[in-house]
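Read through the structure below, which is laid out as C-alpha cells, and then see the notes.
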Amino acid sequence: MLLNTASWPEVDAYLKRSKGIVIPIGSTEQHGPNGLLGTDAICPEVIAREAAAEAGFLVAPTFSVGSAQHHLGFAGTITLRPSTMIAAINDWIDSLARHGFKRMYFLNGHGGNIAPIATAFAENYAAWSLDGDVCPFKCRQRNWWELDGVMSLCKEIFPEGDGSHATASEVAVTYYAHPEAVKNVEMSPKIAPEGDFTDAANYRATFPDGRIGSDPSQATPEKGARLVAAAKAGLIRDVEAFFKS
Ligand code: NI
C-alpha cells in the first residue's frame, strides 16, 4: 500500500494490523552523463514499492531531496543543508509517530544522506531521553545496496566499472524503473577516476563529467530488473524482522 494513494480510513485500518512504515529516502543530484537526476530517490522507491506489493507493508512518499552540496556544480542538482535535512526528517518521524507508527524504516539511496539520517535519529532519541520520557518508536536506516544479496550481484553483473558514484548498478535500476528515460551516451574516459572531494567546485574539478570510478554505459533495464528482484527479497526479510523487533 502506498501512503500517497491511500485514504485516511485505509491508513487507520492499516495501523490496526501493523505499526510499521517504509520511507524511501534519496537525493536529486547529477549522476553523470547518462544518469537521471532522480537516481538516488528512484532506486529506493522502486525497490520499496515492489516489495510492498508483495509483502503488504505501507510505503511513505519518497523523501527525494537530500544532502548533495558537492553536486551543485552540475545543472539540476538540489540540496538541503544537513541541518535542514535533519530537521525535516524529524518532522516526518514525529508526524508518523503521532498516528501511532512505531517502526520507521528508511530505505536510503544516497551516501551523502547517511550521516544526516543517523544524526536525525540521534536528535530525536536525545529529546526523549533529556525529557525523561520513553521513546515509543524505533527508526532504522538501510542503504539499498547493502541489502542481502545485492552487492554480490552488483559485482557479478558489473565486474569492472561499477564505481562509487553514478554506478552502473544504480543507473541500471533507474532504467528498469523508467525505460522511457534510457540515455545512450559514450563515456570518456571509459571508466571515470576514483578519488575524494570537498565542496561543489572541488568535485567538478576532480570529476569533470560527474562520475566516480564508474562506466554506467553498461547499464540496461534487464540488468536493473535482476538487481531490483534481489533487493526486493532482501528488503522484505529485513523489514519483516525490523517490524517484529
Ligand atoms: Ni547515486
Contacts of N108 meeting side-chain hydrogen bond (donor to acceptor under 3.5 Å, both in side chains) (sequence neighbours excluded), chain-then-number -> N113, N143
Residues at least two apart in sequence or cross-chain that pass side-chain hydrogen bond (donor to acceptor under 3.5 Å, both in side chains) with Q69, listed by chain then number, are none
query = Run the side chain to side chain contact (heavy atoms under 4.5 Å, CB included) check on R49 and V46 step by step: do they pass?
reply = CA-CA 5 Å; R49 289 181 175 195; V46 67; 5.9 Å; no
Other residues, nucleotides, ligands: >12 heavy atoms within 6.0 Å of D131 CG: yes
Give a yes or no on this: more than 12 heavy atoms of other residues, nucleotides or ligands lie within 6.0 Å of atom CD of E160. no
So how far is it from [X] [atom1] to [Y] [atom2], rounded to the nearest 0.5 Å?
X    : Y    : atom1 : atom2 : result
C139 : I93  : SG    : CD1   : 4.0 Å
D40  : S64  : CG    : OG    : 11.0 Å
I86  : T119 : CD1   : OG1   : 4.5 Å
D148 : L153 : CG    : CG    : 12.5 Å
C154 : R226 : SG    : CZ    : 10.5 Å
L227 : I157 : CG    : CD1   : 4.0 Å

Show the atom names and distances, to 0.1 Å, of all donor-acceptor pairs under 3.5 Å that link a side chain in residues 161-169 to residues at least two apart or in another chain.
| residue | atom | partner | partner atom | Å |
| --- | --- | --- | --- | --- |
| D162 | OD1 | A168 | N | 3.2 |
| D162 | OD1 | S169 | N | 2.9 |
| D162 | OD1 | S169 | OG | 2.9 |
| D162 | OD2 | S169 | OG | 3.1 |
| H165 | NE2 | Q30 | O | 3.0 |
| T167 | OG1 | E170 | N | 3.0 |

Expected output: side-chain [X] to main-chain [Y] donor-acceptor under 3.5 Å:
X    : Y    : answer
Q141 : I114 : yes
Y175 : K183 : yes
N90  : A120 : yes
Y203 : G210 : yes
K223 : Q218 : yes
R103 : S245 : yes
H110 : A41  : no

| request: Starting from the C-alpha separation in whole Å, work towards a yes-or-no answer on side chain to side chain contact (heavy atoms under 4.5 Å, CB included) for F207 and F74. | output: CA-CA 11 Å; F207 310 105; F74 298 86; 5.6 Å; no
Check your understanding: With no hydrogens and no angle check, do the side chains of W8 and D12 hold a donor and an acceptor under 3.5 Å apart?
Key -> no
Considering non-hydrogen atoms only, spot the tightest contact between [X] and [Y] and give its length.
X    : Y    : result
A231 : V150 : CA-CG2, 3.6 Å
L72  : T77  : CD2-O, 3.5 Å
A51  : F57  : CB-CZ, 3.7 Å

Checklist entry - Going through the checks in order, is the side chain to side chain contact (heavy atoms under 4.5 Å, CB included) test met by L147 and L107? => result CA-CA 10 Å; L147 292 165; L107 183 64; 4.1 Å; yes
- Show the numbers, then the answer: is there a side chain to side chain contact (heavy atoms under 4.5 Å, CB included) between I42 and H31? CA-CA 12 Å; I42 292 165; H31 270 76; over 6 Å; no
- Are the ring centres of F63 and F106 closer than 6.0 Å? no
